[in-house]
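Before any comments, here is the structure.
Every chain is numbered from 1 and lettered A, B, ... according to where its sequence line falls, protein lines coming before strand lines. Everything quoted here is computed from the prediction, not taken from an experiment.
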Number of protein chains: 2
Amino acid sequence: MKPTDQPNGRNRVVIDQIQPVIEGGRYPVRRTTGEWVEASADVFADGHDVVQCRLLYRHHSERRWHSVPMEPVYGHTFRGSFRIQREGLWQFKIAGWVDHPLSWQHQLKRRHQARERLESELLMGAQFLRNVLTRCRAEEQEAVQQLVDLFTDSDRYEQAVQAALNGAAQHWFLAYPADELCTESAVVRIMAERLRARFSTWYELFPRSAASKPGHHGTFSDVQRLLPRLQEMGIDVLYLPPIHPIGLTNRKGKNNSLRARKGEPGVPWAIGNKEGGHKAIHPQLGTLQDFRALLKAAAEQGIEIALDYALQCSPDHPYVKQHPSWFRWRPDGSVQYAENPPKKYQDVIPFNFETEDWKNLWDELKSILEFWIQEGVKIFRVDNPHTKPMGFWEWVIAKIHEEHPEVIFLSEAFTAPKMMYHLAKIGFTQSYTYFTWRQTKAELMDYMEELTKSEVREFFRPNFWPNTPDILPFHLQSGTESVFITRLFLAATLSANYGFYGPVYELMVHEALPGREEYLNSEKYELRHWDWDRDTRLKMLIAIINRARREHEALQFTNNIEFLNIQNEHLLAYLKYDPAGSAHLLCVANLHPDHTQSGFVQVPLEKIGRTEEQEFAVRDLLNDARYIWKGRWNYVELNPRILPCHLFRIEDP
Amino acid sequence: MKPTDQPNGRNRVVIDQIQPVIEGGRYPVRRTTGEWVEASADVFADGHDVVQCRLLYRHHSERRWHSVPMEPVYGHTFRGSFRIQREGLWQFKIAGWVDHPLSWQHQLKRRHQARERLESELLMGAQFLRNVLTRCRAEEQEAVQQLVDLFTDSDRYEQAVQAALNGAAQHWFLAYPADELCTESAVVRIMAERLRARFSTWYELFPRSAASKPGHHGTFSDVQRLLPRLQEMGIDVLYLPPIHPIGLTNRKGKNNSLRARKGEPGVPWAIGNKEGGHKAIHPQLGTLQDFRALLKAAAEQGIEIALDYALQCSPDHPYVKQHPSWFRWRPDGSVQYAENPPKKYQDVIPFNFETEDWKNLWDELKSILEFWIQEGVKIFRVDNPHTKPMGFWEWVIAKIHEEHPEVIFLSEAFTAPKMMYHLAKIGFTQSYTYFTWRQTKAELMDYMEELTKSEVREFFRPNFWPNTPDILPFHLQSGTESVFITRLFLAATLSANYGFYGPVYELMVHEALPGREEYLNSEKYELRHWDWDRDTRLKMLIAIINRARREHEALQFTNNIEFLNIQNEHLLAYLKYDPAGSAHLLCVANLHPDHTQSGFVQVPLEKIGRTEEQEFAVRDLLNDARYIWKGRWNYVELNPRILPCHLFRIEDP
């Protein structure tokens, strides 16, 4: 952090080690509305004088800075905090000064203890008070003047000393600090997003498989019909894969076969044909009017529609003819399709972001977002952002957020953590994660430690998915109900943002391509039909868990988690708490798919505000069972054939 | 680190996590001439293309950047290095680009392995080679053109494929990289100082006590007479406390008594009287001519004179009358003397750095340095820099270094580590440390870890002192010879910069004020006489240790240290090595003052390039004893009554 240049050599205070800050202020810190920013810094000066400082903050639209005093914590470290009240960019900075009146006050006590005469000190105190007089309110002036008179009246020496020592003057020095020679730190930016950036419950479905009867191409109206059951399940974000016209050239068939047979629908991510591109709707799904109706109906149920922002084209996309310079052309005159040799994706061609026409390309790609935002879409799931330039993302997200800070971007970058974190730094709201493959107790604890206890917490918001259309992890392939329950329970309670690839998960679909973590007969390549009327126990549990998430703030923050000792390698136990620290949920999951596991969990009594002797109750929100516990170590037992998890709320007995 | 703004959206490479860097580039990294800068960074781009990067560096006086390629280390991390050739400010930055020809080369192999036809690829390779043609030297053009012809000749397909695969093209792509769309990082600054900044051997004496006969006030000529014995002892910096006229008002007497009796000489740090201030010489020490003679004689012996830069005045200093606004005045009209209530330093008055006339004050204080630099002084020991503003130090050191990068500043700030490290960041060359009080094995190892293995190593150069005129640590107060030997041995081998308060240490003076770590009858307050002709065993050992330091580069770097296992809590063992890793010294110290200690020390055989079976010799440079060792664990035994330390050089047997 480079401090602002100090034009005044008289300013003696140095401010450094400001927290939170990301890469020295290069990227904004991330928060959501309602969250607190706890800022700290080392603030110090030469010598032994008292140093004071305050935290200044404002929304970028405000001219005036708000101000709160910072309190010393230890050594030279001070801390202060403020609450984020609205969306958009915020700024904070720290101002520190050598406070001579308070140094005087501090020294006065030590001089008095050393039995020094204080005449000269009182005169100095009077000088400081006269400075207060120039700034205090009219109705305060008389009180201050009386103190000045007392301090300068040698006949009332003893009375003046007592007044000086008992804080009569200090009151004014704190109210009107002598901060003329104040050092200000550089400004740290904070990007504040809405609550749903931090707390969201996603459901993914392919609208073309939403038809109520097999063999029919689903439509937006079909999706609309499913909204009440989604709402019942506690879903608040419904994510639809690309809804645009699908290319014909090199169209893929069932199970990713190289050539589609006649009538096969193709991959929705092969965007664009003669009917339009990223701003058009696949005619078989419906019209723009139908889509608007779906958006409206969803909003009425408290559900937002998330669209896919997939920056690639089918060879038939109108852009290819309109803007040939936006693509790469091979020496043989063919367009360069997507590949990572020897893998090929012949139905998809990438943009050439190195085109000299990059400014027009960027503008056009931004206009896609603006088009759908205009229609009311405020959430985008971004396909493979790690294969498009970082400079583009930083620019386009900042531009969109200038007008629409409410827009949420979910990054789908299953790649090196370095890149995933970088995408978060440059603006993505949420990110898919490695949760999908973190299975054992140690793996899950290590991963949560990285996400919630390192600096990653300041910019990266995980969104945990037990499955996606691209990933059917091996542990789900047995189809065991307990595993489906546990994985969803973990996703929903470890992370405040989570989602699942819906009908397939509810119905515990688990048939994979042999030896692969991919769905057999994936609906990426074909129409599927799901029994939308079937109510599984899993679906009921999802609804219960999501209700618990809505009703307990503890589950709406990812970072406030503490793992608990439990002497069984298959049992994972953790405490979740709300920011006020007043409500506590204790989660236990049996990670073994088949066998009952038991053990004693160590409850951090101080944290939950109980003593060794105090009884307390734990109510399992999953099945309403209630137990009375006492002391640190308490017994739990989970039979995966019955219910593999506890979601205990700690209550008075 | 804020990257330079990228005017070009086509640049896809991101560069971050640059090392070394201090507070995001706010302060320069520190090196000495001859040292290497090992730079690393995370350099990455979207997608799967090959990313290349290079390290650019220059002395600030150069216009052209030098360039070395950076090599991938792991993940996205690249590393490169360059050697500091001269003093002054250096700059480095990193340039990264997506290398399409190398990506092509990489993919070509994979395509070939997948048995693809490569006609189109060869045409693309020919395009890349044509780009090389526009940049390569005239004599290279024929070779490149032949390759272009081959790649575009369909009749020679097989031959072309072989040429493409065997690196014939790659050779040119590496020589003339396609780096048009190159991203450059921000510039990191490095302050390079001369060797003595890193490796120095200090001796402190009060010139007024240098007289050969008791009862006489020592002079510069007396000091000059002592130079040969200092040179014999291996000293290269002779530090003299302030040599200026001493104030009379409130002059302190023997043992810090409040009033000096007639004839008492006062404290040298109470600078200034009617005979002059910081640019004058105390008449009893000699004239400016005498001082010049001393400097010259010292230089001839390879010894530099370090002066004290103590920014405070006696009440009689000419500044007080000439610039009353540079001091604080109390309401009763008296000048504010130095105090930290209830402690008072009545013979000294501090500058008021908050004066509105601060610019003139800063200029005058800088001119003091310039005055002595002009006379040939290139080393300053700075008294209590933590009680003067940080902004002043950053400014004055930078200003002096602009003209005189050879000037060395030793910071005497015995205060919070935060402040000590900050002073180093803003420019101080070396610093006194807490070594003086680190006594046990654990304390010494922890402290060395902090200094040499954390980021502190990039800016803070410790200077270890076993004693100073202000500190006679309790462990020296018994006067035990073994403790004097061990503490000096530790200072001289743990830190490349060390020093001692000389005659007093040589003679093992240890009488303290009762219960205090202060010398009884300190020469801070009175003239003392020392027996300069007495040769102690300690003096002889100092000479031997300092010769070892001169002859072994391993002892000229503080950071290249590795502590060794040795199963005795009183034995401290460590390996020191030179930057090339070719010469090794193995140090062992018995920390117990009285009792013989023995144990097996674990030798890191890989590090010293020996196998389990190979014998090697260790020669003790202190007494020329030689032992044959073998394998990892070897026996050592140290009797403190004989010699409490080993300084082993590892040799062939």
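Between chain B and the options A:Pro389, A:Gly75, A:Pro385, heavy-atom pairs under 4.5 Å are most frequent for A:Pro389. Per-residue heavy-atom pair counts under 4.5 Å with chain B were compared for A:Glu119, A:His48, A:Met390, A:His76, and the maximum is reached by A:His48. Among A:Met419, A:Gln107, A:His386, A:Arg330, the residue making the largest number of heavy-atom pairs under 4.5 Å with chain B is A:Arg330. Put simply, of B:Leu123, B:Leu361, B:Thr415, B:Leu108, the one with the most heavy-atom pairs under 4.5 Å next to chain A is B:Leu123.
With respect to A:Glu339 and B:Arg110, no salt bridge is recorded, no charged nitrogen being found less than 4.0 Å from a carboxylate O. Salt bridge annotation for B:Lys418-A:Asp16: present, with a cationic side-chain nitrogen under 4.0 angstrom from a carboxylate oxygen.
Note: A:Phe353 CZ to B:Leu181 CG = 14.5 Å, rounded to the nearest 0.5 Å. Rounding to the nearest 0.5 Å places CD of B:Gln17 at 10.5 Å from NE2 of A:His422.
More than 12 heavy atoms of other shown residues, nucleotides or ligands fall within 6.0 angstrom of atom NZ in A:Lys344.
Contacts of B:Lys425 with chain A are made by side-chain atoms alone, with heavy-atom separations under 4.5 Å and no backbone atom involved. Neither the backbone nor the side chain of A:Phe392 comes within less than 4.5 Å of any heavy atom in chain B. Only the side chain of A:Ala416 comes within contact range of chain B, with heavy atoms under 4.5 Å apart. Residue contact with chain B, scored on non-hydrogen atoms closer than 4.5 Å, is absent for A:His106. For chain B, the nearby part of A:Thr355 is the backbone; its heavy atoms alone come within less than 4.5 Å. In this structure, the portion of A:His100 lying under 4.5 Å from any heavy atom of chain B is its side chain and not its backbone. Using a 4.5 Å cut-off between heavy atoms, A:Glu354 touches chain B through backbone and side chain atoms alike. When heavy atoms are compared at a cutoff of 4.5 Å, B:Trp362 approaches chain A solely by way of its side chain, counted from C-beta outward. Proximity to chain B (any heavy atom under 4.5 Å) is shown, for A:Glu121, by both the backbone and the side chain. Within the 4.5 angstrom heavy-atom criterion, no atom of A:Lys343 approaches chain B.
Nearest heavy atoms, B:Ser120 versus A:Pro331: O-CG, 3.7 Å. The two residues A:Asp46 and B:Thr387 have their closest heavy-atom pair at OD2-O, 3.4 Å.
Side chains of B:Trp358 and A:Asn8 form a contact here, defined as non-hydrogen atoms less than 4.5 Å apart.
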